[in-house]
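Heads up: the structure comes next, in structure tokens.
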Amino acid sequence: MFTINENYLKLPGSYLFSNIAKKVNAYTAANPDADIIRLGIGDVTRPLAPSVIRALHEAVDEMGDAATFHGYGPEQGYDFLKEKIVAYDFAPRGVKLDLDEIFISDGAKSDCGNIGDILGLDNVVAVCDPVYPVYVDTNAMAGRAGGYGADERWDKLIYMPCTAQNHFIPDLPAGKAPDLIYLCFPNNPTGSMISFEGLKKWVDYANEHGSLILYDSAYVAFISEDVPHSIYEIEGAKRCAIEFRSFSKTAGFTGTRCAYTVVPKELKCGEVSLNALWLRRQTTKFNGVPYIVQKGAAAIYSEQGQKEIRETVAYYMNNAKVIREGLAAAGFAVSGGVNAPYIWMKTPDGMTSWEFFDALLQKAQVVGTPGSGFGPSGEGYFRLTAFGTYENTVRAIERIKKVF
Ligand code: MLT
């Protein structure tokens with residue numbers, strides 16, 4: 001008889017955002033007239049940029065003509081997109097990458113999970129706490145997280161608390177060094193951002209201890225201060241880090257799907273190149289992102305394309321300002337929202353994160369994300385996203401101020 005991957009049975013409940021969607025659906029079913037404002041999952045609301053739409057249409061037409069039709073593409077992505085990525089996302093920051101160090105994919109979420117395929121199951125994993133749940137759940141599925149205890153912690157994971165005391169930036173681990181370290185900056189969920197000096201400490205630490213940093217930079221487009229945009233701006237990072245990037249939030253591709261992962265050729269485990277392993281994995285398990293979608297993504301890399309996506313980012317960051325300043329003026333403790341589209345607020349009156357979620361939904365019909373869903377240190381916090389419409393964002397803050 002066949003067996004299953006029993007690690008799945010250890011997972012608590014469902015994926016955080018599915019759980020929230022279920023709760024909101026139940027509320028809507030019971031209150032069909034409720035005017036719900038969703039500032040929960042970080043899903044974008046602005047349409048794709050006109051340059052992207054134009055490129056998508058052109059690519060569709062190409063697919064309808066035998067002379068320009070495209071079948072299977074390179075699993076790791078077309079050079080026309082990788083060349084633009086190198087030229088626009090890295091060269092201006094002083095980072096030199098070869099095209100074969102970039103792997104186009106359908107999402108940073110999938111890549112953050114799939115990367116585990118090329119890494120040993122005995123690696124000790126460190127995650128920030130709170131953290132984007134994908135890093136934890138995918139390691140639990142692979143068996144690297146151990147068992148899930150009554151204290152709502154996985155017993156083999158190292159949790160690195162990110163609290164108001166450390167400005168939501170993790171401290172270097174004190175004990176035995178972890179093998180795999182997940183870092184996400186600009187941070188999801190706290191909206192914090194790391195400095196050059198802070199990131200250098202991590203890179204030096206990883207190189208000294210032979211650790212691998214899995215650096216999620218999906219929110220890089222929202223940076224407004226003088227901070228690292230890529231981990232490769234730090235000397236030595238190519239020897240110890242993989243970086244994940246995404247078009248989801250940068251260019252509104254949450255429903256269109258395109259991302260990329262950088263695996264430098266300098267990155268080795270002993271003599272083994274991680275770039276070669278990832279190439280082997282991708283060519284075997286993945287057939288690449290559709291030509292049409294890659295054409296759409298490439299369109300953001302022009303003067304006009306950049307102007308258009310920057311306008312959209314500015315729109316969301318204005319929402320972030322509305323949330324941050326509105327809540328702060330009303331006496332809430334808030335952080336984030338300066339280099340990231342997420343605002344991290346302390347729940348009022350000592351409420352737990354889920355108590356606040358329920359109260360907010362019932363009294364204000366506003367949906368956010370409970371901090372405890374991102375990890376034990378998120379308890380007593382709540383995340384709001386700036387990805388709503390401006391009008392809804394203003395209305396949501398007015399409602400929150402009125403009710404609490
Ligand atoms: C979030 O809300 O944390 C993100 O939208 C989830 C994701 O990007 O997968």
Side-chain angles (χ1 to χ4, degrees), residues 11 13-24 36-46 105-116 127-141 162 168 182-193 214-222 243-261 289 297 312-313 316-317 319-320 323 335-337 339-345 353 357 360-361 366-375 377-378 381-389 392-393 396:
L11 293 164
S14 43
Y15 181 61
L16 174 63
F17 294 106
S18 324
N19 210 357
I20 291 169
K22 266 191 231 147
K23 273 185 170 255
V24 176
I36 293 182
I37 301 177
R38 292 164 200 269
L39 303 182
I41 191 165
D43 195 4
V44 294
T45 50
R46 304 298 298 157
S105 76
D106 66 346
K109 176 178 174 177
S110 358
D111 280 359
C112 285
N114 292 337
I115 199 74
V127 291
C128 292
D129 171 26
V131 70
Y132 179 42
V134 170
Y135 317 145
V136 172
D137 289 7
T138 55
N139 277 293
M141 289 168 177
C162 297
F168 306 105
Y182 286 83
L183 294 178
C184 171
F185 290 108
N187 188 257
N188 179 13
T190 66
S192 66
M193 186 57 210
L214 298 159
Y215 194 75
D216 184 349
S217 188
Y219 299 94
V220 61
F222 299 87
E243 181 164 313
F244 303 95
R245 293 267 186 120
S246 173
F247 293 86
S248 283
K249 317 294 157 87
T250 302
F253 271 54
T254 51
T256 309
R257 311 306 310 149
C258 196
Y260 65 89
T261 290
V289 174
T312 303
V313 164
Y316 292 134
M317 289 313 277
N319 289 348
I323 300 174
S335 57
N339 292 301
Y342 294 123
I343 291 84
W344 191 240
M345 66 183 284
S353 302
F357 173 90
L360 202 57
L361 179 58
V366 173
V367 179
T369 311
S372 56
F374 296 104
S377 296
Y381 284 89
F382 202 74
R383 191 193 78 175
L384 292 170
T385 150
F387 288 123
T389 64
N392 276 347
T393 303

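Below, all heavy atoms of this structure are taken into account, side chains as well, without hydrogens, waters or symmetry copies. Counting starts at 1 for both ligands and their atoms, following the listed order. Predicted model, so just to flag it, every value in this text is computed and none were measured.
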Would you check ligand 1 and list the protein residues that come within less than 4.0 Å of it by any heavy atom, ordered by chain and number?
F17, I41, G42, K109, Y132, N188, Y219, K249, Y342, R383
Check whether N319 reaches the backbone of G388 with its side chain - one donor and one acceptor, N or O, closer than 3.5 Å.
yes
Quick check: does any side chain N or O of S353 sit under 3.5 Å from a backbone N or O of G373, one acting as donor and the other as acceptor?
no
Residue list, salt bridge (charged side-chain N to carboxylate O under 4.0 Å, His left out) with K23, at least two apart or on another chain
D358
Check whether any side-chain heavy atom of R245 lies under 4.5 Å from a side-chain heavy atom of T261, and answer yes or no.
no
side-chain hydrogen bond (donor to acceptor under 3.5 Å, both in side chains) involving T250 - partner list, sequence neighbours excluded
none
Among residues at least two apart in sequence or on other chains, which ones pass side-chain contact (heavy atoms from CB on, under 4.5 Å) with A340?
P186
